[in-house]
Each structure stands twice: as structure tokens, then as C-alpha cells.
A.B. asks: 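Can you read through this structure? Questions will come right after.
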Number of protein chains: 2
Amino acid sequence: MKKDEYWMKFAIIEAEKAFEKGEIPVGAVIVKDGKIIGRGCNLRETLKDPTAHAEIIAITSAAQTVQDWRLDDSTLYVTLEPCPMCAGAILNARIRRLVFGAYDEKYGACSSLDNILDGRYLNHKVIVKGGVLKDKSEYLLRQFFEILRRNGN
Amino acid sequence: MKKDEYWMKFAIIEAEKAFEKGEIPVGAVIVKDGKIIGRGCNLRETLKDPTAHAEIIAITSAAQTVQDWRLDDSTLYVTLEPCPMCAGAILNARIRRLVFGAYDEKYGACSSLDNILDGRYLNHKVIVKGGVLKDKSEYLLRQFFEILRRNGN
């Protein structure tokens, strides 16, 4: 679906912001009724906060926009497959659809290692689509880790 | 272990704060080297934020205290079994041990429906102990939902 690629590009812009800050480059946006209502990038090191993943920041910002913790009928776009925490936050926010870019074979909880969005929790099933513009997201991540290695980290 | 009951009482004090604010009464504290380094209570309605669970607030506050997103060698005490989001946050923070009070048969991700802390993610296994002072935590939750019903919600 071309529409998903369109919105994913905005998530990639968020990932690039993380990259520029020296953070693992992951970005997310939340779309409802054809508008972005929340956005965020990974800020774990900057904020020294293990919960400061792109999705959590985007969800909190979207909830502030709509002044409700329920984000029904919205879609979350994120450049990397969500971890268990972020998948759980998607459930808690009652988000309807998740579209992600790169697969995370080591920590992905929406397809790779497990899919905790399959309806086993809260009777809430989230529609999941992976791999959207994944080359661009993977390229950013690869570039980031290459720079880290070059700097001896 | 008496020590676990001692710290759980502080988590219950946090849960009582949530109760007084009209929030589902869940509270958490994080203990490291015999000191509380973070605390939090559920503030989902107050903050209109689906991520504002007691554990997330406690983890963020503990990370601010130690100025590091890694909370190794700490124990999280929470009055209710964590949901998938909070269990994932425990993994992300590298917390070593989880002690919870009441079991959550509908949404618990650390024992009841699943245990995502069993080492399948990140190769990080968290020691889990449930049921500590659970009567008090259950009593608070029951009282809360009875008041809700009485008020016709």
C-alpha cells in the first residue's frame, strides 16, 4: 500500500533525528484520520531513560494531542519492529494497526521472536504489517553501528 | 522473605496514592543497595497517558536517580503483576529481580498468561516472585472497583 510508504517516510525522518543525536536510529509517528497526531525518536541515551523508545514517546505525544489515553483507530508507523515494552504500549493504547520497517530478529515482539499483538492479551488484536521501506531503516541502523565500531565502542 | 514484605509496603503506599486520585490502585518502588531509588503510582487517567503505569514511572524516576538507563542489581516491587509493556520495560532497564503482589489473570505477563522475563528476550532473565502481601493489594483493587460499580461506571 502506497499510503503506508508515505507515512513511513515521516517515521524515517524521526529516525534520522535520533541518528544525529548519537542514538540508535529508530523513529515513529502515529496517524489518525489522515493526520500525524504524535511523533518520537529513540532518546534512551539523551534522557538516560530505558523507556524512552521512539514508540513510547510517540504514544505519549499522541495521547496529549487527543487528550485521551485511548488511541483507537490510529496506526503506529515505526522504522524497527517493536520490542516487548513497545508492543505492550501499543496494546495499552488500543492502537488498531502497526506498520514497521526493519525486522528485529533479536528483540522483535511483533513477528520475529513472538507476536504479543495476536489477541492473547486484553482480547485486543492489532493488525501488523512489517517490512515497509525496510531497506532505508536497515541502512540507517547499519550506518549507525558501523560508526560505533569505527569509534571503538 | 521478610525483606520483600518490608519493601512491598512502600509499593502499597504508592498504590494508595493512586487510589486517592481515582486511579486503578497500583504502586511500585525500585530498591538498590538497600535504598529506594525510584517510585511511582498508576497515573493513566490523571496524565491521560496509556504508558503512565506505576512501573514505568518508577523506572524512569530510578534512572534519573542513578543517571543511567541501566538499573542492574536492582529489584522492582509492584503491587500487581506487570502487563506486557511493564514487563518489557523491566527487561529494557536490565532489572535483576521482580517482586509483585496480586496476580493479574487477565493481563499479567510475568506468570499468569505468560512470563516474558524467562530469558527468551535479550538473553536477560529476571528472577520473579509473586504473591507478596497480595491480600492487601487485592483488597485495594477490589475496593476501587466496588466504588466504581456503586457510582455506575
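Just so it is clear: chains get the letters A, B, ... in the order the sequence lines come, proteins before strands, and each one is counted from 1. All of these numbers come straight from a predicted model, not from anything done at the bench. Side chains included, hydrogens not; waters and symmetry mates left out as well; all remaining heavy atoms used.
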A.B. asks: Is there a path from B:Ile127 to B:Leu133 through hydrophobic residues (I, L, V, M, F, W, Y) whose side chains come within less than 4.5 Å of each other?
C.D. replies: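 No, B:Ile127 and B:Leu133 fall in different hydrophobic clusters.
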A.B. asks: Among B:Leu91, B:Ile59, B:Ile56, exactly one meets side-chain contact (heavy atoms from CB on, under 4.5 Å) together with A:Pro50. Which residue is that?
C.D. replies: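 Result for side-chain contact (heavy atoms from CB on, under 4.5 Å) with A:Pro50: B:Ile59.
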A.B. asks: Where on A:Ala89 is there a heavy atom nearer than 4.5 Å to chain B: the side chain, the backbone, both, or neither?
C.D. replies: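 The answer is both parts of A:Ala89.
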A.B. asks: Search all heavy atoms of A:Gly108 against all heavy atoms of B:Tyr121 and return the closest pair with its distance.
C.D. replies: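 Closest approach of A:Gly108 to B:Tyr121: O-CE2, 4.2 Å.
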A.B. asks: Check whether any side-chain heavy atom of B:Arg120 sits under 4.5 Å from a side-chain heavy atom of A:Asp114, and report yes or no.
C.D. replies: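 B:Arg120 reaches A:Asp114 side chain to side chain.
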A.B. asks: Are A:Leu98 and A:Ile12 connected, step by step, through hydrophobic side chains (Ile, Leu, Val, Met, Phe, Trp, Tyr) whose heavy atoms are closer than 4.5 Å?
C.D. replies: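 Same cluster: A:Leu98 reaches A:Ile12 through Ile, Leu, Val, Met, Phe, Trp or Tyr contacts under 4.5 Å.
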A.B. asks: Which region of B:Leu122, side chain (C-beta onward) or backbone (N, CA, C, O), has a non-hydrogen atom less than 4.5 Å from a non-hydrogen atom of chain A, or is it both or neither?
C.D. replies: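 Both the backbone and the side chain of B:Leu122 come within 4.5 Å of chain A.
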A.B. asks: Give the member of A:Arg70, A:Glu45, A:Lys106 that has the highest number of heavy-atom pairs under 4.5 Å with chain B.
C.D. replies: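 It is A:Glu45.
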A.B. asks: Among all residues two or more places apart in sequence or in another chain, which pass the ring-ring contact (aromatic ring centres under 6.0 Å, His included) test with B:Phe144?
C.D. replies: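 Counting only residues at least two positions away or on another chain, B:Phe144 forms no ring-ring contact (aromatic ring centres under 6.0 Å, His included).
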A.B. asks: Which region of B:Ile90, side chain (C-beta onward) or backbone (N, CA, C, O), has a non-hydrogen atom less than 4.5 Å from a non-hydrogen atom of chain A, or is it both or neither?
C.D. replies: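 Neither the backbone nor the side chain of B:Ile90 comes within 4.5 Å of chain A.
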A.B. asks: Please check if the side chain of A:Gln64 supplies one atom and the backbone of B:Asp49 the other of a donor-acceptor pair under 3.5 Å.
C.D. replies: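 Flag not set: sc A:Gln64 to bb B:Asp49 has no pair under 3.5 Å.
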A.B. asks: State plainly whether one hydrophobic cluster holds both A:Trp69 and A:Leu76, where clusters connect Ile, Leu, Val, Met, Phe, Trp and Tyr through side-chain heavy atoms under 4.5 angstrom apart.
C.D. replies: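 No; A:Leu76 is not reachable from A:Trp69 via cluster members.
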A.B. asks: If you group Ile, Leu, Val, Met, Phe, Trp and Tyr by side-chain heavy-atom gaps below 4.5 Å, do A:Ile57 and B:Leu43 land in one group?
C.D. replies: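 The answer is no; the residues belong to distinct hydrophobic clusters.
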A.B. asks: Side chain, backbone, both or neither: which part of A:Ala62 has a heavy atom under 4.5 Å from chain B?
C.D. replies: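 Neither the backbone nor the side chain of A:Ala62 comes within 4.5 Å of chain B.
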A.B. asks: Quick check on A:Thr51 against chain B: is it the side chain, the backbone, both or neither that has a heavy atom closer than 4.5 Å?
C.D. replies: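 A:Thr51 touches chain B through side-chain heavy atoms alone.
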A.B. asks: For B:Arg94, does the CZ atom have more than 12 heavy-atom neighbours from other residues, nucleotides or ligands under 6.0 Å away?
C.D. replies: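 Buried by this count: over 12 neighbours within 6.0 Å.
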A.B. asks: Is the shortest side-chain heavy-atom distance between B:Asn92 and A:His53 below 4.5 Å?
C.D. replies: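 Heavy-atom side-chain distance check passes, below 4.5 Å.
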A.B. asks: If Ile, Leu, Val, Met, Phe, Trp and Tyr residues are connected whenever their side-chain heavy atoms lie under 4.5 Å apart, and connections chain through other members, are A:Phe145 and A:Tyr139 in the same group?
C.D. replies: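 In one cluster with A:Phe145: A:Tyr139, no.
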A.B. asks: Around A:Glu105, counting heavy atoms of other residues, nucleotides and ligands shown, do more than 12 lie under 6.0 Å from its CD?
C.D. replies: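 Not more than 12 within 6.0 Å, no.
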